[in-house]
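Report on one structure; see the data block that follows.
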2 protein chains.
Amino acid sequence: MMLSDVMEDYLKAIYQLQRGDDERVKTSAIAEELDVTSPTVTSMLEKLEDRSLIDREKYRGVTLTEEGETVALEVVRHHRLLEAYLTEHLDYDWSEVHEEADRLEHHISENFEARVAAALDEPEVDPHGSPIPSPDLEPPNTAVGNPISECGEGDTVIVKEVADHDPEILSYLADHGLEPGVELEVLEVAPFGMVTASARGSDTQVSLPEDVARHIRVALPAEAE
Amino acid sequence: MMLSDVMEDYLKAIYQLQRGDDERVKTSAIAEELDVTSPTVTSMLEKLEDRSLIDREKYRGVTLTEEGETVALEVVRHHRLLEAYLTEHLDYDWSEVHEEADRLEHHISENFEARVAAALDEPEVDPHGSPIPSPDLEPPNTAVGNPISECGEGDTVIVKEVADHDPEILSYLADHGLEPGVELEVLEVAPFGMVTASARGSDTQVSLPEDVARHIRVALPAEAE
DNA sequence: AGGCAAATTTAGCCCTATCTAACCCTAAAT
DNA sequence: ATTTAGGGTTAGATAGGGCTAAATTTGCCT
Ligand SMILES: [Mn+2]
Ligand SMILES: [Mn+2]
Ligand SMILES: [Mn+2]
Ligand SMILES: [Mn+2]
């Protein structure tokens with residue numbers, strides 16, 4: 001099946017927006033994610049449905065079919081392998097990789113994918129700590145760790161994943177020592193979702209508004225593998 | 001100026017087909033190079049002319065403007081840097097690189113280009129011996145060496161460039177020791193353009209039909225830098 | 001000069017991906 | 001049971017890239 005890069009982006013967006021297993025993803029959510037208008041999304045959803053890549057209930061949203069999920073996982077694998085390769089071998093900073101990978105993910109061959117994976121020794125996570133789907137594209141188990149906003153005050157935790165895409169925010173976080181693998185002390189969790197924490201070894205502390213904190217997942221040292 | 005990847009391919013094709021400096025490239029030549037029909041070429045040429053990327057005399061062909069040439073050189077630089085990187089760092093064989101580079105050339109950022117060039121230490125030629133345009137995109141001087149078909153029988157020469165794109169032919173040539181840098185003895189130049197030669201150190205000889213030989217450029221050892 | 005074959009352009013159509021404007025559904029509130 | 005706000009879908013337009021079939025132009029040959 002020949003899919004355009006745009007179709008691949010839609011499937012990837014649906015994959016990433018689909019939280020629960022039968023939770024339907026809404027037109028407006030896709031429109032916002034991909035920065036297009038909702039009629040544009042509707043017409044694309046019709047095409048994806050024609051190709052059996054999604055199940056659709058008009059007016060109520062879509063879910064990926066198994067085939068659609070496989071395509072999405074393929075694109076995500078490309079994306080995350082590229083992010084890892086760019087940081088490991090081409091001197092990219094983790095704040096720069098997303099944009100580059102977001103274009104290249106649609107244009108590399110299976111051969112390229114395999115060589116990159118080999119050069120990285122089959123990595124399991126990308127520079128943000130997000131899991132890289134395996135070559136067989138089986139749906140990976142759910143993410144490791146929990147959102148940092150669910151921590152209690154005073155908890156000491158290990159950062160597992162920083163799934164933000166904004167270069168400015170990522171640079172800011174790195175400047176404050178907040179990267180995967182770092183040990184963190186949670187100082188305050190405000191009722192409106194703001195989290196204040198301090199990286200182990202640094203005196204400075206960071207305050208993270210809810211929409212930033214949402215993308216940070218952590219685990220208790222005990223749970224840390 | 002936002003150019004589509006298809007437009008970039010047209011400009012690159014015109015660049016590579018334009019032998020002399022004011023030699024006009026014909027519709028049919030572009031059509032054949034890009035594997036599209038001539039009406040398709042005509043309509044694209046109109047668009048490129050609108051954007052001042054080519055000069056066009058209806059029914060008589062086109063030439064690149066300075067601006068168009070710069071775009072073409074940019075694409076060629078991307079292409080050849082990618083070919084070099086894929087062979088040097090990702091274990092590609094020179095017979096495989098063309099297809100991959102031909103897609104990726106349109107999708108890498110200037111940042112990616114710079115990192116790849118740095119990783120390769122600013123290379124001057126790609127794996128086929130073709131010159132990589134410099135970062136400032138000044139038109140490079142003409143190719144080194146001369147077509148092997150212009151050799152005399154008995155000449156001993158150094159292979160400078162093997163500008164073929166066909167993977168099968170490239171594998172065949174490599175199997176017979178015919179690669180850039182190799183010393184070659186020209187055994188026979190037949191009147192219909194077929195060249196027979198033997199790589200230094202190998203007993204076997206290769207016979208190259210005219211359309212293969214045309215892409216191979218060589219220099220006398222004296223001229224060799 | 002006239003005629004003809006080959007190359008090129010024009011005309012008219014298709015498909016994708018996007019938009020805006022207009023219309024329609026759903027679900028929650030009255 | 002209505003209303004209504006907030007999506008979602010339909011309709012119609014535009015722009016890019018492509019094709020086939022039908023004109024045109026060129027350039028060469030007689
Ligand atoms: Mn993408
Ligand atoms: Mn793949
Ligand atoms: Mn190309
Ligand atoms: Mn460039």
Side-chain angles (χ1 to χ4, degrees), chain A residues 1-14 17-20 22-64 68 71-72 75 102-103 105-107, chain B residues 1-14 17-20 22-64 68 71-72 75 102-103 105-107:
Chain A
M1 169 154 8
M2 263 306 301
L3 296 181
S4 70
D5 50 351
V6 175
M7 285 178 176
E8 289 182 351
D9 274 334
Y10 276 81
L11 293 171
K12 187 175 75 157
I14 295 166
L17 291 167
Q18 191 174 343
R19 285 278 151 253
D22 58 350
E23 183 193 310
R24 284 182 286 248
V25 177
K26 286 182 293 171
T27 300
S28 54
I30 301 168
E32 188 178 359
E33 174 76 15
L34 297 178
D35 203 24
V36 294
T37 59
S38 34
T40 302
V41 174
T42 297
S43 77
M44 179 56 81
L45 294 181
E46 285 165 355
K47 288 172 206 155
L48 294 174
E49 190 185 20
D50 287 347
R51 300 201 190 206
S52 308
L53 295 164
I54 59 175
D55 290 318
R56 179 163 175 251
E57 256 187 90
K58 249 194 187 175
Y59 293 102
R60 321 183 90 96
V62 299
T63 55
L64 292 175
V71 173
V75 179
D102 227 27
R103 262 177 295 107
E105 63 191 3
H106 312 289
H107 303 290
Chain B
M1 168 154 6
M2 265 305 301
L3 296 181
S4 68
D5 50 350
V6 175
M7 285 178 174
E8 289 181 352
D9 274 334
Y10 276 82
L11 293 171
K12 186 176 77 158
I14 295 166
L17 292 167
Q18 192 174 343
R19 284 278 151 253
D22 56 352
E23 183 194 309
R24 284 182 287 247
V25 176
K26 285 182 293 172
T27 301
S28 52
I30 301 168
E32 187 177 0
E33 175 76 15
L34 297 178
D35 204 24
V36 294
T37 59
S38 31
T40 300
V41 174
T42 298
S43 79
M44 179 55 80
L45 294 181
E46 285 165 356
K47 288 172 204 156
L48 294 174
E49 190 184 19
D50 287 347
R51 301 201 191 205
S52 309
L53 294 163
I54 58 174
D55 291 318
R56 177 161 177 254
E57 256 188 89
K58 246 190 184 179
Y59 292 101
R60 319 183 91 95
V62 298
T63 55
L64 292 174
V71 173
V75 179
D102 227 26
R103 261 178 296 110
E105 63 190 2
H106 311 289
H107 304 289

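Letters A, B, ... mirror the listed sequences (proteins, then strands); counts begin at 1. Quick caveat, the model's predicted, so the values are computed rather than measured.
Taking atom CD1 of A:Ile30 as the reference point, atom P of D:dG7 lies 15 Å away to the nearest angstrom. Atom P of nucleotide C:dC19 and atom CE of A:Met44 are separated by 11 Å, given to the nearest angstrom. Across the protein-nucleic acid pair, B:Glu8 atom CD and D:dG17 atom P stand 10 Å apart, rounded to whole Å. Regarding A:Asp50, its CG atom lies at a distance of 13 Å from the P atom of C:dC15, rounded to whole Å. The CG-C1' distance, from A:Leu48 to C:dA17, rounds to 12 Å in whole Å. The CG atom of A:Asp9 sits 17 Å away from the P atom of C:dT16 (whole-angstrom rounding). D:dG7 atom C1' lies 13 Å from atom CD of A:Glu32, rounded to whole Å. Distance, B:Leu53 CG to D:dG16 C1': 15 Å, rounded to whole Å.
Heavy atoms of B:Ser28 sit under 4.0 angstrom from primed sugar atoms or phosphate atoms, though from no base atom.
B:Gln18 CD to B:Leu64 CG: the interatomic distance, rounded to the nearest 0.5 Å, is 5.0 Å. Here CG of A:Leu17 is found 5.0 Å from CD of A:Glu33. Values are rounded to the nearest 0.5 Å. To the nearest 0.5 angstrom, B:Ile30 atom CD1 is 12.0 Å from B:Asp9 atom CG. Note that the CD atom of B:Glu105 and the NZ atom of B:Lys12 stand 3.5 Å from one another [nearest 0.5 Å]. Separating the CG atom in B:Asp5 from the CZ atom in B:Arg103 is a distance of 11.5 Å, to the nearest 0.5 Å.
Side-chain N/O atoms of B:Tyr10 include none lying less than 4.0 angstrom from OP1 or OP2 on D:dG16. Under 4.0 angstrom from either OP1 or OP2 of C:dA17 there lies at least one side-chain N or O belonging to A:Lys47.
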Output side-chain donor-acceptor pairs under 3.5 Å for residues 45-63 of chain B, partner residues at least two apart or in another chain, one line each.
residue	atom	partner	partner atom	Å
B:Arg51	NH1	B:Met2	O	2.9
B:Glu57	OE2	B:Arg24	NH1	2.4

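When distances run from any side-chain atom of A:Val36 to the nucleotides C:dC19, D:dC19, C:dA17, the shortest one goes to C:dC19.
Applying the 6.0 Å contact sphere to CD of B:Glu32 captures no more than 12 heavy atoms from other residues, nucleotides or ligands.
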Any protein N or O atoms within reach of nucleotides 9-12 of chain D? Criterion: under 3.5 Å, listing atom names and distances.
residue	atom	partner	partner atom	Å
D:dT9	OP1	A:Arg56	NH2	2.9
D:dT9	OP1	A:Tyr59	N	3.1
D:dT9	OP2	A:Thr27	OG1	3.1
D:dT9	OP2	A:Thr42	OG1	2.9
D:dT10	OP1	A:Lys58	NZ	3.0
D:dT10	OP2	A:Glu46	OE2	2.8

